[in-house]
Amino acid sequence: MTSMMNASDHIDDSAMDVINNLTEGGLNGRETYTDHKLLWNIATGIICVEFVLAFVFNAIVIGLMMRNKKRNRMSFFVLHLAISDFLMAVFYIFPVVIDRLMDAWLAGLFMCKLIKYLSLVVCFASTYMLVVLSFDRLYAIARPLSATRRGILYKWTLVIFAWAIAAMLGVYDPIYANILTGIPTPQHDTPFCEITYPENMVRM
């Protein structure tokens, strides 16, 4: 589930790289706005499909897990992994879909920074939920007797730890989030919510 949704970042970045290359002089200088728009629409279509699949499948998993009243520790962590992936679809992929379909960012700087923060938090949360699940499996194998005696406090401590780390790491990108123009081509002044790192950080 996580790998499917994390692909959104790769798809979006790849599409933008192609668009930037065309803007800088691809197609022997004969590129037009139509060329850029075609690539933009293809990437948008892929991301829309990804959002629908991530939203529906994770919602189904959450529903099935919630109906199971006799959840063991493994199913508890799988449930919270599905929740984090569901939230990734909502706060990471969906804003990208809306941004691309509207072809502009109209929500202002505050919402730009908030969405960038939430999108990064859910990405980290999904990743660290996998780490928590793996740690629990390792603990169950290494100390099976001790693991069986662990109760609800143990489970919630690991889940809260994953979300707390994600919340702290998520403050990074919103600092550099800003409203930019000139996307997909410098000739267009449509506003977009993007992250711009200082030059010294880019060089690192």
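Everything numeric here is computed off the predicted structure, so don't read it as measured data.
- Residues Pro95 and Ile115 come closest through the heavy atom pair CB-CG2, 3.7 Å.
- When all heavy atoms of Met88 and Cys123 are compared, the pair lying nearest together is CE-CA, 3.5 Å.
- In this structure the side chain of Val159 reaches within 4.5 angstrom of the side chain of Phe76, judged on heavy atoms.
- Taking every heavy atom of both residues into account, Val90 and Phe94 meet most closely at O-CB, 3.2 Å.
- Between Leu87 and Ser84, every side-chain heavy-atom pair lies at or beyond the 4.5 Å cut-off.
- Of all heavy-atom pairs between Val97 and Cys48, the closest is CG1-SG, 3.6 Å.
- Residue pairs that meet the disulfide (SG to SG under 2.5 Å) test with at least one member in residues 73-117, sequence neighbours left out, are Cys112-Cys193.
- Note: the hydrophobic cluster containing Trp163 also contains Val171 (ILVMFWY, side chain heavy atoms under 4.5 Å, direct or indirect links).
- Looking at Met74 and Leu133, their side chains come closer than 4.5 Å, going by heavy atoms from C-beta outward.
- In this structure a side-chain-to-backbone donor-acceptor pair under 3.5 Å is missing from Ser126 to Val122.
- Two residues are said to be in side-chain contact when any heavy atoms from C-beta on lie closer than 4.5 Å; Leu101 and Thr44 meet this criterion.
- Crowding of Arg143 atom CZ: a count of heavy atoms from other residues, nucleotides or ligands under 6.0 Å not exceeding 12.
- A distance of 14.5 Å separates CD1 in Ile62 from CZ in Arg67, rounded to the nearest 0.5 Å.
- Residue pairs meeting the ring-ring contact (aromatic ring centres under 6.0 Å, His included) criterion with at least one member in residues 111-148, sequence neighbours excluded: Tyr139-Tyr154.
- Two different hydrophobic clusters hold Leu138 and Val78 under the rule that ILVMFWY side chains link at heavy-atom gaps under 4.5 Å.
- Note that CD1 of Ile165 is 12.5 Å distant from CD1 of Ile160, once rounded to the nearest 0.5 Å.
- Hydrophobic clustering (side-chain heavy atoms under 4.5 Å, transitive across Ile, Leu, Val, Met, Phe, Trp, Tyr) groups Met65 together with Ile152.
- In this structure, Lys116 and Leu120 have side chains that are not in contact, with every pair of non-hydrogen atoms separated by 4.5 Å or more.
- Atom CZ of Phe77 sits about 4.5 Å away from atom CG of Leu158, to the nearest 0.5 Å.
- Taking Asp136 as the reference, Arg73 meet the salt bridge (Lys or Arg N to Asp or Glu O under 4.0 Å) condition, with sequence neighbours excluded.
- Tracing side-chain contacts under 4.5 Å through hydrophobic residues (I, L, V, M, F, W, Y), one never reaches Val132 starting from Ile141; they form parts of separate clusters.
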